Amino acid sequence: MKIPAIGRPRRVSLRARLTLTYGGLFLAAGLVLLGVTYALFTQQLDRSGTRVLARVTTQQSGAPNGGGRTLVNVDGTSRNLPDANAATADIERMMRKQHDEYQAAATKSLVTEGSIALLIVAGVAAGFGWLIAGRVLTPLHRVTETARRIAAAPAADRVLHERIALHGPHDEVKELADTFDTMVERLDRSFDGQRRFVANASHELRTPLTLGRALVEVAMHRRTASPDVLRLGEDLLQITSRHERLIGGLLLLARSENEITGRAPVDLADVVPHVAARTAPEAEQAGVTVTAAPEEAMTSGDALLLERVVENLVENGIRHNTGKGGGWVSVTSGTRGGRAVLEVANSGPHVPSYEVPGLFEPFRRLDADRVITAKGAGLGLSIVQSIVRAHDGEVTARPRPEGGLTVTVTLPATPP
């Protein structure tokens, strides 16, 4: 389920976080510097003012004024001597008032203009931090863009030849880019080897089986063929058919692992009845009833692969049913919540819920693990999952309380 965009927090880029960090640290350092300057400045003003007042007061008090003299201490206290001049106290008050006004104006100017200058310089520092962070993160953007191009390509294994090839000083960023190039190069070699293997296996594995089938059929159609030869030929043909299904499933599994490049509109409502009619003989032989309820479910992709999805699910429901008559397989299609939905349910033995995830692994079955039987090679659900994923869809399975499975395939819907 996708999270609504309204409740999703807005992502802050790494460049913005680095810029905020640079600007915040510079602003904090500037505030500390301004505070220390303010403390030293006011302390120095207090000392200078006190010394000036003491000097002026002493000079005024020591002047002849008709027999009196006033002594003013450094801390601002004074003592009147006999016949002291009363004007000395007025001079002292005037000097202190002027000193206080000067000190207040100076500290106000320091705080106001210093704060304005600090904000301007902090803004300039944040701008430079934004530019520097952009230059530092440019190689990371190249790594991200290359990885995004590879991931968003219709066939990711076809664009693995791209490299970052970052030039510059040998630092952590260049080491990351070189490591990414090495990883992509190894993946490219691996996918290239897989493509060659699939192409060679398609020829090398099917050719001997085709020749063997032809020889067995020639031997069976001879007039002189005994009943033992006919029975042996039937067994050999059945074994050959199983191996052909196994090889075909492996090749299809390898092909469906890649994303679909050529897409066309496909209506699952057209695929469901066609597959139901084609699997009717096998269902009749197994005593299983197949019912189809197709409704319009438009999607886009490879029609043959999507048909194989429906066919594998129906065959899986037929082959892993009760086998005693009265079994059934239900196939429905439709559109739900803007998605094309295919649902295949079947009766059958009880399936433990913890066994369901393992059913989508290759060569996994409930009754016989990694053994080829008449029910198949254990690749049906693995192929379904690979094809559905290549079509940007999802496949889920849940056990039915009465026995059997319900497999649901959801694919992106397209307008009809």
Side-chain angles (χ1 to χ4, degrees), residues 198 200-256 271 273-292 304-305 307-329 331 344 346-349 351 359 361-384 387 403-405:
V198 171
N200 295 332
S202 179
H203 175 74
E204 297 294 336
L205 295 179
R206 284 178 173 175
T207 300
L209 292 177
T210 303
L211 294 176
R213 173 182 290 275
L215 293 176
V216 171
E217 290 178 348
V218 168
M220 291 178 62
H221 286 82
R222 288 179 180 176
R223 295 180 180 180
T224 58
S226 63
D228 294 335
V229 173
L230 294 178
R231 285 195 300 269
L232 178 61
E234 292 177 357
D235 294 338
L236 290 176
L237 289 178
Q238 186 177 6
I239 295 174
T240 303
S241 177
R242 294 173 187 172
H243 284 99
E244 287 176 347
R245 291 200 305 269
L246 173 61
I247 295 173
L250 289 174
L251 296 177
L252 181 61
L253 181 62
R255 176 191 172 192
S256 60
V271 179
H274 174 67
V275 173
R278 192 165 60 186
T279 56
E282 183 179 356
E284 183 179 359
Q285 183 180 1
V288 177
T289 302
V290 178
T291 59
L304 294 177
L305 291 180
E307 181 180 342
R308 189 59 180 267
V309 168
V310 182
E311 184 176 357
N312 280 9
L313 292 178
V314 174
E315 290 179 350
N316 187 76
I318 295 173
R319 295 171 183 175
H320 298 277
N321 218 297
T322 55
K324 299 178 182 179
W328 55 268
V329 176
V331 189
V344 179
N346 64 277
S347 61
V351 180
L359 296 178
E361 298 179 6
F363 304 105
R364 286 293 300 274
R365 289 173 299 277
L366 291 177
D367 49 359
D369 192 19
R370 298 184 182 275
V371 177
I372 302 176
T373 65
K375 295 182 179 181
L379 292 172
L381 292 181
S382 301
I383 294 173
V384 168
I387 296 175
L405 281 176

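Computed from heavy atoms alone, side chains included, the values below leave out hydrogens, waters and symmetry copies. These numbers were taken from a predicted model, which means no experiment stands behind them.
- When all heavy atoms of Leu230 and Met220 are compared, the closest pair comes out as CD2-O, 3.3 Å.
- In this structure, the separation between CG on Leu215 and CG on Leu236 is 11.0 Å, given to the nearest 0.5 Å.
- In terms of heavy-atom proximity, Ile318 sits nearest to Thr279 at CD1-O, 3.9 Å.
- Taken from OG1 in Thr289 to CG in Asn346, the straight-line distance is 12.5 Å, to the nearest 0.5 Å.
- At a threshold of 4.5 Å between non-hydrogen side-chain atoms, the residues His320 and Leu405 do not count as touching.
- Legend: residues meeting salt bridge (charged side-chain N to carboxylate O under 4.0 Å, His left out) with Glu234, ordered by chain and number and at least two apart, are absent.
- Between the side chain of Ser347 and the backbone N or O of Gly327 there is no donor-acceptor pair closer than 3.5 Å.
- The CD atom of Glu307 sits 10.5 Å away from the CD1 atom of Ile387 when rounded to the nearest 0.5 Å.
- Within the model, atoms CG of Leu209 and CD1 of Ile239 stand 11.5 Å from one another, a figure rounded to the nearest 0.5 Å.
- Atoms CG and CZ, from Leu313 and Arg308 in turn, are 11.5 Å apart once rounded to the nearest 0.5 Å.
- Thr240 is not listed as a side-chain neighbour of Val216, based on a closest heavy-atom distance of 4.5 Å or more.
- Nearest heavy-atom pair, Val384 versus Asn312, reported as atom, atom and distance to 0.1 Å: CG2-CB, 3.6 Å.
- Screening residues 214-223 for salt bridge (Lys or Arg N to Asp or Glu O under 4.0 Å) gives Arg213-Glu217 as the qualifying pairs, with residues at least two apart or on separate chains.
- At distances below 3.5 Å, at least one donor-acceptor pair connects side-chain atoms of Asn321 with backbone N or O atoms of Gly317.
- Contact between Val229 and Ala219 at its shortest, heavy atoms only, is CG1-O, 4.3 Å.
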